[in-house]
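Note that the coordinates shown come from a computational prediction; the quantities given were computed from them, not determined experimentally.
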Amino acid sequence: CRRTFIRQFKLASLYQCNMHFTSNVSTVDEVMSRHNVIMTDMDPDETQSVPLSAATVEEPWLGMADIFLICMILGLTVYWWFFRDRKSSTPQQLVKPLTVVPLSTSTRDPSFINRMMKTKKNAAVFYGSQTGTAEEFAGRLARDCMRYGLKGFAVDPEECEMEELTRMGEVENSFALFCLATYGEGDPTDNAQEFFDWLQEDHDLSGLRYAVFGLGNKTYEHFNAMGIFVDKRLEELGGVRLCEVGLGDDDANIEEDFVTWRETLWPAVCEQFGIESVGEDGVMRQYTLETHEDINQNEIFTGEPTRLHSFTQQKPPYDAKNPFMAAVKVNRELHKGGDRSCMHIEFDISGSKIRYEAGDHVAVFPTNDPTMVEELGRLLNANLDEVFTLNNVDDEAAKKNPFPCPTTYRTALLHYLDITHSPRTNVLHDIIDYASDPKDRAFLARITSSEGKKEFAEWVTDSRRDIIQILKDLPSLKPPLDHLCELLPRLHARYYSISSSPKEHPERIHITAVVVDYHSKINRRIKGVATNWLATKIPNGPEGPRVPVYVRKSPFRLPFKTTTPVIMIGPGTGFAPFRGFIQERHFAKTEGKPLGDTVLFSGCRKKSEDYIYQEELEGYERDGTLSQLNMAFSRDQAQKVYVQHLLKERAETVWNLLNDGAHLYVCGDARHMAHDVDMVLHDIVEEKGNMSASAAKDFLKGLRNKGRYACDVWS
């Protein structure tokens with residue numbers, strides 16, 4: 001092709017040259033004649049007409065034009081061959097220097113065994129925590145190690161390689177402790193899920209010595225299921241149990257349960273390793289104080305959970321460590337009368353890319369009452385606007401600070417620390433020496449001792465004394481505010497059942513919440529942190545006040561088929577998720593989809609006062625979205641009537657629906673309502689199904705196992 005192209009190019013060039021020559025031949029003759037030029041070597045006839053073929057005979061095969069063209073083609077070819085990837089590689093080279101690797105990935109070793117060997121630690125204390133209590137207990141156990149000449153550290157199983165439990169035997173005098181809460185229907189907490197899954201497989205844990213403390217609530221059916229499972233499973237895999245599993249009951253006094261179990265743990269550890277207490281029973285601080293007099297204001301945390309400026313510089317995805325600042329668009333009262341308040345609140349999530357389903361929970365990060373913070377600062381003569389940092393004394397600890405630092409005392413008390421709940425024994429024990437009055441010191445020493453458990457429960461827990469009330473009752477007690485900040489537990493998010501459906505409200509999340517406000521045994525007013533804070537969030541403009549939130553997924557779900565019957569049981573605010581369920585079915589109905597029976601059992605005290613969403617529910621009943629609306633008004637008659645009584649009255653309907661494949665849902669109070677409802681359901685199955693008590697129990701258990709009997713309850 002190249003040769004053909006060149007030959008064609010030559011012929012075309014010569015043709016143009018010949019035409020130019022012919023057109024100018026007369027001019028040449030005239031010039032030659034004028035100068036008497038005689039052409040002796042050429043026939044005169046040839047000068048008249050020279051054929052093209054004859055002209056090319058004497059022409060070289062490659063001329064200057066040919067050489068130029070070939071060089072140009074070769075040059076372009078070479079350039080393309082050597083530089084064809086330059087464009088694709090250059091951007092990559094420019095991007096590489098801008099790549100930022102988080103410091104944590106380069107400095108933190110996920111191997112807890114390596115950390116134990118490097119820092120000569122003996123005990124790893126793992127925690128599975130949903131609300132922070134298990135994490136708090138784990139930290140206390142880690143500090144206890146120092147009293148026995150040991151070194152321990154608290155570990156989040158989600159942030160390390162739990163398969164390394166098989167290597168525990170490599171660490172001299174090592175053991176593992178587990179503080180594990182049970183969540184939902186006997187499930188592990190979010191941060192312990194992978195550990196739970198890992199335990200389903202076979203492993204060799206013959207080198208592991210361990211002890212387990214479970215955190216649960218006896219009002220739930222699967223009391224301490226996670227703690228019991230892990231304790232048993234570790235033994236099955238070859239682990240050596242140091243002491244019997246502890247079962248903490250949050251419905252009673254979980255602090256007392258923990259202290260009692262701890263008193264059996266440490267003697268067992270001493271016996272196992274042949275050690276004794278070193279007698280250091282004094283205060284051992286985990287953090288040191290650093291104050292900042294001259295610091296850039298942009299470097300100070302102002303309430304963000306983890307990332308500095310995350311409240312003002314929002315970046316998805318949003319979760320517990322990075323909540324979305326949702327605008328409150330609606331905040332209205334649902335009760336028509338009475339002395340209680342129930343709020344309907346709508347959060348705007350437009351533009352956040354947050355997705356939710358009916359039945360999910362929304363977490364709200366609350367703020368403490370500013371008047372309480374001011375009072376605490378006044379009682380301790382503290383400068384609340386001082387900027388400080390608490391640094392872990394253990395350089396190898398994964399948790400460098402107890403909360404985001406640097407920050408001010410005001411911010412720490414408003415956003416990071418729980419100042420409203422009754423403090424635990426360890427808090428009061430560690431501040432005894434700050435009481436100048438010997439009587440106050442003696443009192444605190446007594447109630448925080450093993451013998452003073454009952455007195456502590458009566459004076460602190462049952463009376464709902466918070467740290468402010470204790471400081472008032474013991475006026476000589478003046479702990480440094482930085483030490484108190486180290487000891488107080490974290491203020492955690494509050495979870496609410498979402499009371500809307502994304503099918504009808506894709507850019508809004510609704511919640512339904514009763515404002516907590518009552519008086520304790522000592523006639524002190526107790527106000528719920530989150531609900532009283534939310535009550536102040538009244539929309540007053542196009543933007544509205546903003547609240548940090550994120551969505552937590554829940555297995556509480558409607559059946560996939562809209563024709564499947566459902567029975568929903570939820571009095572009071574237990575109705576919240578069912579409002580989302582009903583909206584879901586109403587949306588399906590508007591799309592022309594057939595609906596199965598949708599039956600609701602709900603209730604309140606008085607129809608005229610606290611019947612929430614009355615107009616909505618009656619409208620759903622009229623348009624056929626709800627096939628049955630059963631409301632119990634407990635105080636509208638002499639004899640109280642609750643949802644369980646209505647279930648008994650409609651036992652035949654309930655049984656027929658269950659036989660037709662209905663899904664059963666219960667939401668609300670676990671201590672009384674959920675338990676009573678379960679008993680009534682047991683009676684209905686036993687009577688209408690002609691079953692024995694054990695068979696009826698197995699029937700309901702089968703419904704749970706199939707996902708047809710779900711509970712979303714709280715105590």
Side-chain angles (χ1 to χ4, degrees), residues 184-185 221 357-360 497 499 501 503 554-571 574-589 591 593-603 617 620-632 642-668 670 673-713:
E185 296 295 300
E221 179 187 2
E357 298 294 333
D360 284 342
S497 295
S499 56
S501 165
K503 297 286 188 1
S554 168
F556 206 63
R557 289 281 188 271
L558 274 173
F560 179 74
K561 293 182 179 179
T562 60
T563 54
T564 302
V566 294
I567 304 171
M568 302 171 289
I569 306 166
F575 166 67
F578 301 140
R579 182 171 181 261
F581 283 7
I582 295 170
Q583 287 181 3
E584 199 101 342
R585 292 229 152 171
H586 179 260
F587 182 82
K589 188 175 187 298
E591 288 192 324
K593 296 179 181 178
L595 298 183
D597 285 323
T598 305
V599 179
L600 174 66
F601 289 88
S602 189
L617 289 174
Y620 286 133
E621 186 181 29
R622 284 193 300 270
D623 69 19
T625 302
L626 275 176
S627 50
Q628 284 188 36
L629 174 59
N630 305 288
M631 294 296 300
Y642 297 112
V643 288
Q644 55 265 34
H645 300 129
L646 298 185
L647 281 171
K648 275 186 179 180
E649 293 176 7
R650 292 152 179 77
E652 190 74 32
T653 300
V654 171
W655 173 246
N656 289 337
L657 287 172
L658 291 177
N659 273 337
D660 289 342
H663 285 224
L664 186 64
Y665 301 92
V666 179
C667 183
M673 184 275 299
H675 176 267
D676 293 343
V677 164
D678 189 72
M679 295 298 295
V680 170
L681 290 171
H682 184 279
D683 293 342
I684 290 174
V685 172
E686 186 176 346
E687 177 187 348
K688 300 299 179 180
N690 295 318
M691 300 182 191
S692 64
S694 60
K697 184 177 180 180
D698 290 340
F699 178 86
L700 291 177
K701 184 178 180 180
L703 292 182
R704 289 190 180 92
N705 293 338
K706 295 174 183 176
R708 289 179 53 199
Y709 184 0
C711 296
D712 184 5
V713 295

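Sequence neighbours left out, the pairs with a member in residues 689-706 that pass salt bridge (Lys or Arg N to Asp or Glu O under 4.0 Å) are E221-R704, D678-R704. Listed by first then second residue, pairs satisfying ring pair (Phe, Tyr, Trp, His ring centres under 6.0 Å) with a partner in residues 676-702 read W655-F699, not counting sequence neighbours.
One finds the CG atom of L617 at 10.5 Å from the CZ atom of R622 (value rounded to the nearest 0.5 Å). Q644 CD to I684 CD1: the interatomic distance, rounded to the nearest 0.5 Å, is 11.0 Å. Here OH of Y642 is found 14.0 Å from NZ of K648. Values are rounded to the nearest 0.5 Å. Within the model, atoms CG of L646 and CD of E649 stand 5.5 Å from one another, a figure rounded to the nearest 0.5 Å. Here the NZ atom belonging to K589 is positioned 5.5 Å from the OG1 atom belonging to T625, to the nearest 0.5 angstrom. The structure places CG of L681 at 5.0 Å from CD1 of I569, a figure rounded to the nearest 0.5 Å.
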Query raised in the report: Does the pair V677 and F601 meet the rule for a side-chain contact (heavy atoms from CB on, under 4.5 Å), with working shown?
Result: CA-CA 11 Å; V677 164; F601 289 88; over 6 Å; no
Requested in this report: Carefully, step by step, assess S602 and N630 under the rule side-chain contact (heavy atoms from CB on, under 4.5 Å).
Outcome: CA-CA 6 Å; S602 189; N630 305 288; over 6 Å; no
Report task. Apply side-chain contact (heavy atoms from CB on, under 4.5 Å) to L664 and R708, showing your working. Result -> CA-CA 6 Å; L664 186 64; R708 289 179 53 199; over 6 Å; no
Requested in this report: Under the side-chain contact (heavy atoms from CB on, under 4.5 Å) rule, what do H663 and I567 come out as? Steps first, then yes or no, please.
Outcome: CA-CA 6 Å; H663 285 224; I567 304 171; over 6 Å; no
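Although no hydrogens or angles enter the test, the distance criterion places no donor-acceptor pair under 3.5 Å between the side chain of D660 and the main chain of A662. Y665 places no side-chain N or O within donor-acceptor distance of the main-chain N or O of G570, the cut-off being under 3.5 Å. Judged by distance alone, the side chain of D360 and the main-chain N or O of E357 form a donor-acceptor pair under 3.5 Å.
In this structure D597 satisfies the salt bridge (Lys or Arg N to Asp or Glu O under 4.0 Å) test with no other residue, sequence neighbours excluded. Residues meeting the salt bridge (Lys or Arg N to Asp or Glu O under 4.0 Å) test with R650, sequence neighbours left out: none. With sequence neighbours left out, the side chain to side chain donor-acceptor pair (under 3.5 Å) criterion links T653 to no other residue. For S497, the side chain to side chain donor-acceptor pair (under 3.5 Å) partners two or more places apart in sequence, or in a different chain, are D712. Taking the salt bridge (Lys or Arg N to Asp or Glu O under 4.0 Å) definition, one finds that K593 meets it with E591, sequence neighbours left out. In this structure E652 satisfies the salt bridge (Lys or Arg N to Asp or Glu O under 4.0 Å) test together with K688, sequence neighbours excluded. For S692, the side-chain contact (heavy atoms from CB on, under 4.5 Å) test picks out S694, A695, with sequence neighbours left out.
In plain terms, the two heavy atoms of C667 and P571 that are nearest each other are O-CD, 4.0 Å.
A side chain to side chain contact (heavy atoms under 4.5 Å, CB included) with V654 is found for exactly one of L647, V685, N659, namely L647.
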Side-chain donor-acceptor distances from residues 575-587 under 3.5 Å, at least two apart:
{"from": "R579", "atom 1": "NE", "to": "E616", "atom 2": "OE1", "distance (Å)": "3.0"}
{"from": "R579", "atom 1": "NH1", "to": "S499", "atom 2": "O", "distance (Å)": "2.7"}
{"from": "R579", "atom 1": "NH1", "to": "H510", "atom 2": "ND1", "distance (Å)": "3.0"}
{"from": "R579", "atom 1": "NH2", "to": "E616", "atom 2": "OE2", "distance (Å)": "2.9"}
{"from": "Q583", "atom 1": "OE1", "to": "S501", "atom 2": "N", "distance (Å)": "2.9"}
{"from": "E584", "atom 1": "OE1", "to": "S501", "atom 2": "OG", "distance (Å)": "2.4"}
{"from": "E584", "atom 1": "OE2", "to": "K503", "atom 2": "NZ", "distance (Å)": "2.9"}
{"from": "R585", "atom 1": "NH1", "to": "T562", "atom 2": "O", "distance (Å)": "3.4"}
{"from": "R585", "atom 1": "NH1", "to": "T564", "atom 2": "O", "distance (Å)": "3.1"}
{"from": "R585", "atom 1": "NH1", "to": "T598", "atom 2": "OG1", "distance (Å)": "3.1"}
{"from": "R585", "atom 1": "NH2", "to": "T562", "atom 2": "O", "distance (Å)": "3.3"}
{"from": "R585", "atom 1": "NH2", "to": "T564", "atom 2": "O", "distance (Å)": "2.7"}
{"from": "H586", "atom 1": "ND1", "to": "E504", "atom 2": "OE2", "distance (Å)": "2.9"}

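With a 4.5 Å cut-off on side-chain heavy atoms, V599 and V566 do not count as touching.
Few gaps surround NE2 on H645; more than 12 heavy atoms of other groups in view lie less than 6.0 Å from it.
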